[in-house]
> 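There's a structure below that I have some questions on.
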Amino acid sequence: MRLINKTEPVSAYRAISRIEIAVLMIDVLLILFIVISTISMSSKLRAVAIEKQLKIEANIAEVMTDEINHSFQAMELVLIGVSDFVHARRIEDKDELAAEMGTRQSNDMLRTRISALAFLDALTVVDQTGRVLASTRVWPVPFFDFSDRGYFQALKAMTGEPTYLSPPVVGKIAARPTLVLAHRLTNSTGEFLGTVNASSAQAYFSTRLSRIDVGADSLVSFILDDGTIMAQSPPPPVPDEPQATRHPPKYDTKTLFGLPISGGLISGGVLDDKERYTAVRRLANYPASIVVSVAAKTVDDEVRTTRMPILATSLVICAIIVIITALWSRQLRRDRRQSALQHNQARTDMMTGLANRLRLVEWLEALERDETDPPFALYFIDLDYFKTINDTLGHDVGDKLLAAVAARLTGALGNDSRIARLGGDEFAILRMEIVNEADALRFAGAIVSIIKRPFLIDGHQLVITNSIGGAISPRDGRDLVTLLKNADLALFKAKADGRGTARIFSAELASIAESHRKLHTDLEEAWSDQQFHIAYQPIFEAGSRRLAGFEALLRWKHPERGEVPPDVFIPVAEETGLIVRLGAWVLERACADAARWPQSLFVSINLSPIQFRDSAVEAQVYRALQNSGLPSERLELEITESTLLHKEREVQAILGNFRSSRIRIALDDFGTGYSSLRYLTDFRIDRIKIDRCFVEGLVDRSSNQGIVQAILALASALGLRCTAEGVETDVQAAILSESGCSHLQGYLLGRPLSPEQAQRLADESCDDLPLLLVAGAPRP
């Protein structure tokens with residue numbers, strides 16, 4: 001199969017005339033849709049406005065019915081209280097009632113009962129003949145006859161409920177329109193003794209209704225079930241007749257109460273001469289209702305006001321569509337000339353001139369569609385430690401190095417290969433006619449050698465290695481997703497095997513990937529099932545061999561895997577982010593255990609670079625110290641050089657805060673990384689830990705002795721403590737002690753211990769006896 005050329009035009013640009021026609025048709029359809037939608041919206045606008053208005057009215061009516069119902073319930077409670085007072089006094093006839101209620105003390109009692117209700121004007125007691133016995137309006141009470149009142153006659157007739165809500169009356173005492181709630185008084189045998197009346201000014205309820213703002217030309221009424229208006233805002237027209245003989249106006253309740261619960265339109269002549277959108281709500285405990293309405297003309301005016309901007313907007317949108325289409329058509333010829341260039345630019349990496357990820361995907365999709373099923377190999381190339389060059393020499397040098405690598409690869413590849421830059425320091429190569437793993441590895445090895453040759457960039461001679469992962473089609477899959485995944489797995493394997501090498505996908509790699517995925521799952525289950533524990537390896541003073549402290553080591557015992565090595569599960573925990581939760585847990589447990597040790601011992605805890613990414617580690621450390629009560633000077637935090645490579649300023653600030661809190665900082669695995677020695681001063685390190693790889697060959701290799709002595713000399717010059725890890729022989733211990741190493745750690749002195757064993761060893765350290773645990777042997 002022939003590979004797609006970088007400059008080959010795409011067929012879509014040859015059919016531009018069809019696209020133009022399609023755009024014009026879309027414009028016509030869009031304008032037609034806007035016109036139809038505008039007409040439809042205008043027709044529905046009135047219904048929506050009416051529904052919204054009725055909903056507002058219904059909500060207001062609901063609130064007002066609750067409020068007025070509660071007011072009359074409060075009045076009724078007062079009336080029932082007076083009735084209970086009469087019963088408690090065992091009053092049996094009108095004379096006893098007059099004797100009891102005609103006193104100053106009873107009058108004060110009535111005043112007390114209404115003192116908390118601002119809307120209650122007066123409380124009046126009337127005997128069975130209609131004579132007023134007591135009133136909170138006046139004392140002493142002149143003669144008033146209420147026997148002609150409708151509520152008195154209804155209650156005296158002993159029909160209906162013991163409480164009666166009266167239509168508005170002009171008070172004989174107050175001489176103003178009043179709403180009355182009356183309650184029947186009876187003796188022990190149920191005979192009528194009189195009434196107790198609670199009066200409230202009609203103006204009070206009218207004022208409350210007037211505060212409701214439903215909209216222009218609104219009407220809010222409080223009416224009885226027979227239509228009598230109790231109160232209204234605005235007030236109804238006043239008849240031209242004396243107030244004393246004036247009857248309260250009424251509405252046609254048949255129409256009002258026939259409305260649906262959501263409200264509706266009533267014609268003119270029901271409430272006034274206007275059509276109105278009206279909502280009605282009945283009081284829960286009294287034969288009355290709240291009526292809220294607004295004139296239909298008001299809603300229509302609002303609809304017209306809203307409709308005009310919509311019509312204008314639709315017209316403007318249609319005009320804009322026409323104008324834009326005209327301008328687009330005028331520009332079309334120029335766009336055609338630029339299309340091919342833009343197409344290539346979208347598929348070209350601007351820095352190197354190579355194809356980019358999009359172009360690579362198109363190449364692979366074309367090969368996937370090829371029915372001849374041609375053999376080829378897909379390679380992913382990753383430059384090793386490229387970030388170090390960016391960090392030390394600057395991004396300008398890094399960018400020029402990427403361009404030089406691209407140029408070298410392009411010059412070395414023939415017409416049967418294609419190369420693309422995926423981004424950052426990652427490249428991809430498509431190589432045709434690769435049919436077996438031997439051919440694939442041979443080509444990948446040549447690429448490794450090509451890139452390994454030195455580059456001269458701005459006066460710097462740079463040597464950079466690269467890792468390559470490859471997958472062969474159709475052996476390792478034909479579809480795009482499978483090939484990309486398998487090549488990426490092979491690249492991951494190449495990096496894991498030490499970088500600077502090439503690996504081709506195999507079934508073994510797939511199995512390893514599956515095992516890696518299973519390890520992810522097991523780690524989460526281990527956290528949920530609390531399978532992790534902490535072991536403490538003792539650290540001794542080199543000269544005296546006295547116990548100085550312990551290093552907290554995270555351990556995982558899986559029910560099936562057994563003890564899982566930290567170098568297996570820690571990297572996976574860092575990938576998934578679980579290390580943040582694990583790290584916080586280790587800090588809490590280790591600080592709590594160390595707080596029980598003697599004051600002379602410290603605890604050293606490892607921190608992962610991942611814990612510094614969101615700056616949560618600082619709060620975790622201080623919380624662990626506060627919860628445990630461990631003095632900060634007894635805590636030592638171990639970090640690696642890789643921690644200092646990322647977010648250098650943020651890490652430096654966090655470590656500076658730790659140092660200000662007297663927390664010590666140790667640099668673990670010193671000498672094995674790629675960071676600068678300036679970190680020892682810039683980050684104010686307290687201790688250097690010599691990696692076990694240098695200690696292992698200390699006796700047999702002179703190079704290891706030189707490295708260790710150089711590290712110890714550097715530590716001495718900077719005033720730093722130095723701990724050697726992996727000490728397993730007396731000879732190693734002796735050399736390190738004589739060379740100035742301050743602390744020793746290893747199996748010669750002590751294996752990792754359980755918290756209980758560490759506690760016993762710590763307690764024994766209080767004695768002035770040498771502490772030596774050879775090969776982790778248990779102490780008596």
Side-chain angles (χ1 to χ4, degrees), residues 8-60 213-218 259-267 274-279 293-347 356-359 361-362 365-366 369 480-481:
E8 184 176 344
V10 178
S11 59
Y13 292 98
R14 301 175 187 144
I16 190 67
S17 59
R18 292 199 297 269
I19 294 178
E20 184 178 7
I21 293 173
V23 170
L24 293 174
M25 291 179 63
I26 290 172
D27 287 345
V28 172
L29 292 175
L30 184 58
I31 292 175
L32 184 61
F33 172 77
I34 292 173
V35 171
I36 294 174
S37 298
T38 302
I39 295 173
S40 175
M41 186 181 300
S42 297
S43 63
K44 292 179 180 178
L45 197 59
R46 177 182 173 85
V48 172
I50 292 171
E51 181 181 0
K52 178 181 177 182
Q53 181 64 44
L54 288 175
K55 185 177 293 186
I56 293 173
E57 294 175 4
N59 290 339
I60 291 175
D213 184 10
V214 188
D217 205 359
S218 61
L259 291 173
I261 189 66
S262 58
L265 179 68
I266 60 174
S267 59
K274 301 174 183 176
E275 286 188 328
R276 290 186 172 274
Y277 291 105
T278 306
S293 69
V294 70
K297 183 179 180 300
T298 301
V299 178
D300 293 339
D301 291 343
E302 291 179 0
V303 171
R304 280 192 293 272
T305 303
T306 307
R307 185 182 295 161
M308 290 305 297
I310 294 176
L311 296 174
T313 301
S314 300
L315 181 61
V316 170
I317 292 175
C318 291
I320 290 174
I321 291 174
V322 172
I323 293 172
I324 291 177
T325 302
L327 293 175
W328 175 81
S329 299
R330 183 179 179 183
Q331 190 71 21
L332 186 59
R333 291 176 180 261
R334 185 181 303 173
D335 291 344
R336 287 177 179 172
R337 290 193 298 267
Q338 297 294 326
S339 293
L341 176 61
Q342 293 173 355
H343 174 79
N344 285 330
Q345 287 177 342
R347 288 155 178 80
N356 60 12
R357 184 184 295 272
L358 176 58
R359 175 79 74 173
V361 170
E362 290 178 347
E365 288 175 342
R369 292 191 298 269
L480 172 64
V481 174

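These numbers come from the heavy atoms of this one structure, side chains and all, not from hydrogens, waters or symmetry mates.
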> Distance check, rounded to the nearest 0.5 Å: Ser293 atom OG versus Leu259 atom CG?
10.5 Å
> Might you work through the side-chain contact (heavy atoms from CB on, under 4.5 Å) test for Ile31 and Val322, ending with a clear yes or no?
CA-CA 9 Å; Ile31 292 175; Val322 172; 3.8 Å; yes
> Please check if the side chain of Asn356 supplies one atom and the backbone of Arg359 the other of a donor-acceptor pair under 3.5 Å.
yes
> Got a second to check how far Leu24's CG is from Trp328's CH2, nearest 0.5 Å?
6.0 Å
> Would you confirm whether Ser37, through its side chain, and Phe33, through its main-chain N or O, come within 3.5 Å as a donor-acceptor pair?
yes
> Between atom CG of Leu311 and atom OG1 of Thr306, what is the distance when rounded to the nearest 0.5 Å?
11.0 Å
> Which atom pair, heavy atoms only, marks the closest approach of Glu362 to Arg347?
OE2-NE, 2.6 Å
> With rounding to the nearest 0.5 angstrom, report the CD to CG distance, Glu57 to Asn59.
10.0 Å
> Might you point out which heavy atoms bring Ile34 and Cys318 nearest each other, and give the distance in Å?
CG2-SG, 3.8 Å
> For residues Leu54 and Ala279, report the shortest heavy-atom separation together with the two atoms involved.
O-CB, 4.4 Å
> To the nearest 0.5 Å, tell me how far Gln53 CD sits from Ile50 CD1.
9.5 Å
> Of Thr278, Ile56, Val299, which is the lone residue that meets side chain to side chain contact (heavy atoms under 4.5 Å, CB included) with Val294?
Val299
> Taking everything shown except Glu51 itself, do over 12 heavy atoms lie less than 6.0 Å from its CD?
no
> Hey, could you give me the OG1/CD1 distance between Thr313 and Ile320, rounded to the nearest 0.5 Å?
9.5 Å
> So which heavy atom on Ala295 is nearest to which on Arg276, and how close?
N-NH1, 3.4 Å
> May I ask you to say whether Asp217 pairs ionically with Lys297, meaning some side-chain N is under 4.0 Å from a carboxylate O?
no
> When you look at Met25 and Val28, which way does the side-chain contact (heavy atoms from CB on, under 4.5 Å) test go after all the steps?
CA-CA 5 Å; Met25 291 179 63; Val28 172; 5.7 Å; no
